[in-house]
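Within every chain, numbering begins at 1; the chains are lettered A, B, ... in the order of the sequence lines, protein sequences first and strands thereafter.
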Amino acid sequence: MQTLQRNDRPFYAQRPQTVARQLLGMALLRRDEHGQLCGGWIVETEAYLAHGDSASHSHRGQSPRNASMFATPGTLYVYSIHAKFCMNVSTEAADIGSAVLIRAIEPAWGIETMSHRRGVAGTERRLTGGPAMLCQALDVTKQQDGQDLIASDTVWIATVANPPSFRLQRTPRIGVTSATTARLRYFIDGNPFVSGRRGDHSQTAFRRLHEDL
DNA sequence: ACAACGATACCCT
DNA sequence: GGGTATCGTTGTT
């Protein structure tokens with residue numbers, strides 16, 4: 001395995017836009033109760049802001065549900081939607097209420113285990129190409145809500161020593177019904193595990209431009 | 001208890 | 001690309 005170094009607190013103590021961008025290419029790792037290690041490379045994220053962001057769960061203030069969003073930066077915030085789960089990391093500082101949603105990873109470790117949990121054959125897009133898919137693949141549920149990514153031995157994020165270069169792409173967020181114009185979605189251009197419209201990738205846009213001629 | 005919601009995923013065209 | 005199944009969670013009686 002590559003040389004990985006777990007992210008420290010100051011990394012998460014930045015504005016969510018910065019954390020969302022810098023998380024791309026980092027390793028998301030999870031060790032379950034059987035000691036089984038799973039994870040992959042983060043390829044798509046979204047920032048949710050503390051102020052002026054009507055799409056953020058923190059928009060109407062703190063509640064028992066979103067408490068982890070207001071916890072120490074680097075705290076895991078897991079919420080449920082459509083009978084599934086999505087995972088975020090709190091950012092900036094405690095009591096602020098900003099976070100980054102991890103929308104997709106490229107599977108790298110424990111692929112057999114993740115495939116089994118997802119009920120898919122192998123390393124295909126449906127394995128971890130969406131926020132609820134990756135949570136199911138990693139067995140991240142409400143049980144992991146509140147975990148501290150700096151100290152937890154069950155879920156954490158790490159930086160690789162020599163990350164490959166990639167092209168960053170930025171678009172509006174997926175699935176939100178308000179604040180739909182802000183470009184707060186970040187992803188690795190061209191990566192097959194990125195969710196949403198394929199046309200958001202510059203290669204596809206380039207190809208389409210030529211087809212239209 | 002119960003009803004309504006939803007930062008989804010899947011299946012179908 | 002669009003319709004909808006699905007159910008954990010939350011807020012309301």
Side-chain angles (χ1 to χ4, degrees), chain A residues 15-17 19-21 23-24 28 40 42-71 75-92 96-107 114-147 169-187 191-201 204-205 207-208 211-212:
Chain A
R15 59 206 289 265
Q17 296 97 317
V19 175
R21 177 166 40 84
L23 278 174
L24 297 178
L28 173 62
I42 297 172
V43 298
E44 181 184 5
T45 59
E46 283 178 358
Y48 286 88
L49 313 184
H51 305 291
D53 184 3
S54 54
S56 173
H57 286 178
S58 63
H59 185 238
R60 289 188 176 84
Q62 188 172 350
S63 70
R65 178 202 184 200
N66 62 20
S68 295
M69 232 180 134
F70 291 81
T75 302
L76 200 67
Y77 166 47
V78 181
Y79 68 89
S80 72
I81 179 172
H82 288 91
K84 303 167 180 75
F85 297 100
C86 297
M87 63 184 289
N88 304 249
V89 190
S90 71
T91 54
E92 293 185 271
I96 293 287
S98 65
V100 173
L101 169 69
I102 302 177
R103 285 196 59 89
I105 65 172
E106 177 181 319
M114 292 194 289
S115 299
H116 185 254
R117 290 185 185 131
R118 286 280 303 129
V120 303
T123 307
E124 51 187 284
R125 190 148 173 260
R126 293 186 331 182
L127 184 58
T128 54
M133 294 187 213
L134 77 88
C135 282
Q136 188 184 6
L138 297 174
D139 189 32
V140 168
T141 68
K142 197 78 177 174
Q143 295 227 318
Q144 277 68 48
D145 181 53
Q147 285 285 313
Q169 190 66 264
R170 221 156 64 91
T171 73
R173 293 169 295 187
I174 300 278
V176 298
T177 55
S178 60
T180 54
T181 57
R183 294 166 60 213
L184 292 170
R185 170 175 173 244
Y186 304 76
F187 62 90
N191 187 280
F193 289 90
V194 171
S195 69
R197 306 170 295 273
R198 308 308 292 165
D200 287 346
H201 295 266
T204 308
R207 201 176 299 137
R208 196 173 284 167
E211 284 166 3
D212 288 347

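Across all strands shown, B:dC11 pairs with C:dG2; the Watson-Crick or G-U wobble distances both stay below 3.5 Å. Pair assignment for C:dT10 gives B:dA3, based on Watson-Crick or G-U wobble hydrogen-bonding distances that are each under 3.5 Å.
Between A:I81 atom CD1 and B:dA7 atom P the separation is 4 Å, expressed in whole Å. Nucleotide C:dG2 holds its P atom 13 Å from the CD1 atom of A:I174, rounded to whole Å. The nearest whole Å value for the distance from the CG atom in A:D145 to the P atom in C:dG8 is 17 Å. Look at CG on A:L127: it is 16 Å from C1' on B:dT8, rounded to the nearest Å. Distance A:L76 CG to B:dA7 C1': 15 Å, rounded to the nearest Å. Atom-to-atom, CE of A:M87 to C1' of C:dG8 comes out at 18 Å; the value is rounded to the nearest Å. To the nearest angstrom, C1' of C:dT10 lies 14 Å from CZ of A:R60. One atom, CG of A:L134, and another, P of B:dA7, lie 17 Å apart when rounded to the nearest Å.
Within the 4.0 angstrom heavy-atom criterion, base atoms lie near A:A55. Looking at heavy-atom distances under 4.0 Å, A:R185 makes no contact with the nucleic acid at all. Note on A:R65: only backbone sugar-phosphate atoms sit closer than 4.0 angstrom, heavy atoms only; bases stay farther off.
Between the side chain of A:E106 and the main chain of A:V43, no donor-acceptor pair closer than 3.5 Å is present. A donor-acceptor contact shorter than 3.5 Å links the side chain of A:R117 to the backbone of A:A137. A:R118 places a side-chain N or O within donor-acceptor distance of the main-chain N or O of A:L127, the cut-off being under 3.5 Å.
Among B:dA7, C:dC7, B:dC10, the nucleotide with an atom closest to any side-chain atom of A:R126 is B:dC10. Among C:dT10, C:dC7, B:dA7, the nucleotide with an atom closest to any side-chain atom of A:A83 is C:dC7. Minimum atom distance to the side chain of A:S80 is reached by C:dG8, of the listed C:dG8, B:dA9, B:dA7. In this structure, of B:dA7, B:dA9, C:dT10, it is B:dA7 that holds the atom nearest to the side chain of A:L101. Of the candidate nucleotides B:dC10, B:dA7, B:dT8, B:dT8 has the atom nearest to the side chain of A:A132.
The number of heavy-atom neighbours closer than 6.0 Å to CD of A:Q143, taken from other residues, nucleotides and ligands shown, is 12 or below.
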Show your working on side-chain hydrogen bond (donor to acceptor under 3.5 Å, both in side chains) between A:T91 and A:S98 and close with a plain yes or no. CA-CA 6 Å; A:T91 54; A:S98 65; 2.6 Å; yes
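Taking the six-membered ring for Trp, A:H59 and A:Y48 have ring centres at least 6.0 Å apart.
Taking 4.0 angstrom as the limit, A:K84 places none of its side-chain polar atoms (N or O) nearer than this to OP1 or OP2 of C:dA5. Close to C:dG8, at under 4.0 Å from its OP1 or OP2, lies no side-chain N or O of A:H82. Within the structure, every side-chain polar atom (N or O) of A:R125 is placed at least 4.0 Å from both OP1 and OP2 of B:dC10.
Both geometric conditions, a ring-centre gap below 5.5 Å and a plane tilt below 30°, are fulfilled for A:Y48 over the base of B:dA7.
Take the nearest nucleotide of DNA chain B for A:G175 and for A:Q136: the residue whose nucleotide is more 5' is A:G175.
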